[in-house]
Amino acid sequence: MAIPDLAIVVPTLNERGNVAELVRRLVACLDGIRWEILFVDDDSSDGTRAAIAELAAADSRVRLLHRVGRRGLASACVEGMLASLAPVLAVMDADMQHDETLLPRMFDLMRRDEADMVVGSRYVDGGSVGGWASDRRRISSFATLLGQKLLKVAVADPMSGFFMLRREVLERALPRLSGKGFKILLDILASAEGAVRVRELPFVFRTRMAGESKLDSMVIYEYGLLLYEKLFGHIVPVRFLMFVSVGGVGALLHLAVLGAAMAVAGLSFATGQSLAALAAMVLNFSLNNLFTHRDLRLRGHHLAGGLIRFMAVCSAGAVGSVAIGSFLNGHGIPWWMAGLMGATVGAVWNYAVTTILVWKRRTGVPPRVS
């Protein structure tokens with residue numbers, strides 16, 4: 001089978017009701033272009049993969065990459081693009097909110113060498129966000145403004161999830177991609193080395209056809225992490241920053257529980273300290289699972305084992321922190337500096353080892369591609 005000229009990467013999570021209609025529309029509008037569609041499915045539970053398999057049985061241009069143990073739109077898009085050999089790559093949603101009839105015009109600009117990237121834009125003349133509520137419009141406008149400040153190239157809609165690019169642009173961006181959150185276009189534009197010729201074509205954002213939106217309040221949080229990663233991630237990795245921040249919250253809880261145990265319950269310091277340490281570890285594990293390692297978060301029966309490993313690692317880190325701090329203080333280092341250095345070593349240990357032992361990739365095989 002010849003390598004296609006265009007690969008369309010579509011991340012999916014519970015989109016069974018949309019995939020067949022999307023393929024039907026692509027067949028109708030991409031006549032004359034040698035193309036393939038690669039669905040990247042984050043372990044959907046609604047039968048999405050079965051629906052894709054049925055489509056693939058009838059059309060060899062339909063492919064599936066099944067990811068297990070991790071989630072995230074940006075990373076799904078990157079893995080999908082890397083799973084194809086096509087020289088031109090497109091990204092779009094499965095829910096029919098993006099206008100697939102724009103794809104031939106995008107590809108034509110690529111074929112005529114008039115652009116390295118073509119963005120389907122809601123914020124140029126002729127484009128629109130459709131029927132969005134006013135609060136969503138304001139949030140989107142503010143996020144767009146922040147994204148524009150980050151980029152070296154003028155793009156009216158850097159938050160768009162509908163775009164096409166040359167493979168060379170992706171390859172130039174790969175070493176610096178964060179792969180976090182939902183805004184892969186912004187990530188690529190901020191990471192690509194060298195000039196990128198960008199064209200924008202207007203489209204009207206449509207209403208989702210079937211299924212439920214995956215957007216929630218965490219989108220704002222993940223967008224903030226992406227901006228931090230692009231601006232300061234080379235200094236302090238964003239995951240480590242989040243891990244330390246969670247540790248600070250846990251320290252406050254530790255003090256609160258210890259104080260309450262002694263002053264209210266009348267417990268001894270040793271008993272109160274033990275209860276406080278347990279409470280802080282449980283909180284730290286929960287917050288790190290929800291925020292720091294959101295794309296790898298543990299679920300179901302994995303939670304108990306993850307908590308046990310987290311507590312074991314952090315207990316070892318606490319022992320090491322005390323030992324190092326005591327050693328330094330005993331050799332003339334001021335107590336506050338010795339304590340800070342011991343705590344720093346403990347934090348680095350906890351972060352590094354829990355990343356390996358607790359929030360590791362839970363599948364022993366690579367994503368399944370068909």
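Each residue takes its place number in the sequence, starting with 1. In this text, all values refer to a predicted model and were calculated from it rather than measured experimentally. FYI, side chains are in, hydrogens and waters are out, and symmetry mates aren't considered; it's all heavy atoms of this structure.
Within the 3.5 Å criterion, the main-chain N or O of I3 finds a donor-acceptor partner in the side chain of R34. Side-chain atoms of D157 come within 3.5 Å of backbone N or O of R122 as a donor-acceptor pair. Not one N or O on the side chain of T48 forms a donor-acceptor pair closer than 3.5 Å with the backbone of S44. At distances below 3.5 Å, at least one donor-acceptor pair connects side-chain atoms of E200 with backbone N or O atoms of A156. Counting only distance, with no hydrogens or angles, the side chain of N350 and the backbone of G346 share a donor-acceptor pair below 3.5 Å. A donor-acceptor pair is defined here as one N or O able to donate and one able to accept, closer than 3.5 Å; such a pair exists between the side chain of N329 and the backbone of I333. R297 places no side-chain N or O within donor-acceptor distance of the main-chain N or O of T292, the cut-off being under 3.5 Å. Checked by atom type and distance alone, the side chain of W349 pairs as donor or acceptor with a backbone atom of V313 at under 3.5 Å.
The minimum heavy-atom distance linking V257 with A279 is given by the pair CG2-CB, 4.1 Å. What you find for D187 and R176 is that their closest heavy atoms are OD1-O, 4.4 Å. When every heavy atom of T12 is checked against every heavy atom of A94, the shortest pair comes out as CG2-CB, 3.9 Å. Across every non-hydrogen atom of V19 and A51, the tightest pair is CG2-CB, 3.8 Å. Shortest non-hydrogen contact noted between M242 and N288 is O-OD1, 4.4 Å. When every heavy atom of S160 is checked against every heavy atom of F203, the shortest pair comes out as OG-CE2, 4.4 Å.
Using a 4.5 Å cut-off on side-chain heavy atoms (C-beta onward), M164 and L103 make contact. Taking the side chain as every heavy atom from C-beta outward, N289 and L287 never approach each other to under 4.5 Å. Between V68 and D42 there is no side-chain heavy-atom pair separated by less than 4.5 Å.
For the pair D93 and R206, the salt-bridge criterion is not met [side-chain N within less than 4.0 Å of a carboxylate O]. Between R197 and D113 there is a salt bridge, since at least one side-chain N of the basic residue sits less than 4.0 Å from a carboxylate O of the acidic one. Between R25 and E21 there is a salt bridge, since a side-chain N of the basic residue sits under 4.0 Å from a carboxylate O of the acidic one. With respect to the salt-bridge test (charged N to carboxylate O, under 4.0 angstrom), the residues R67 and D43 do not qualify. Between R111 and D108 there is a salt bridge, since at least one side-chain N of the basic residue sits less than 4.0 Å from a carboxylate O of the acidic one. Ion pairing between a basic and an acidic side chain is recognised when a charged N comes within 4.0 Å of a carboxylate O; D46 and R16 show no such pairing.
Tested against V62, the residues L38, L26, V27, I37 include a single side chain to side chain contact (heavy atoms under 4.5 Å, CB included) partner, I37.
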Under the side-chain hydrogen bond (donor to acceptor under 3.5 Å, both in side chains) criterion, do E36 and S84 qualify, and how do the steps go? CA-CA 9 Å; E36 69 176 358; S84 173; 2.6 Å; yes

Stepwise, does the side-chain hydrogen bond (donor to acceptor under 3.5 Å, both in side chains) test hold for T271 with S268? CA-CA 5 Å; T271 302; S268 66; 3.0 Å; yes

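Open room surrounds CE on M341; 12 or fewer heavy atoms of other groups in view lie less than 6.0 Å from it.
Under the 30°/60° scheme for interplanar angles, the aromatic rings of H98 and F162 are found to lie parallel.
A ring-centre distance under 6.0 Å is not found for Y351 and W359.
Between the CZ atom of F310 and the CG atom of L298 there is a distance of 11.0 Å, given to the nearest 0.5 Å.
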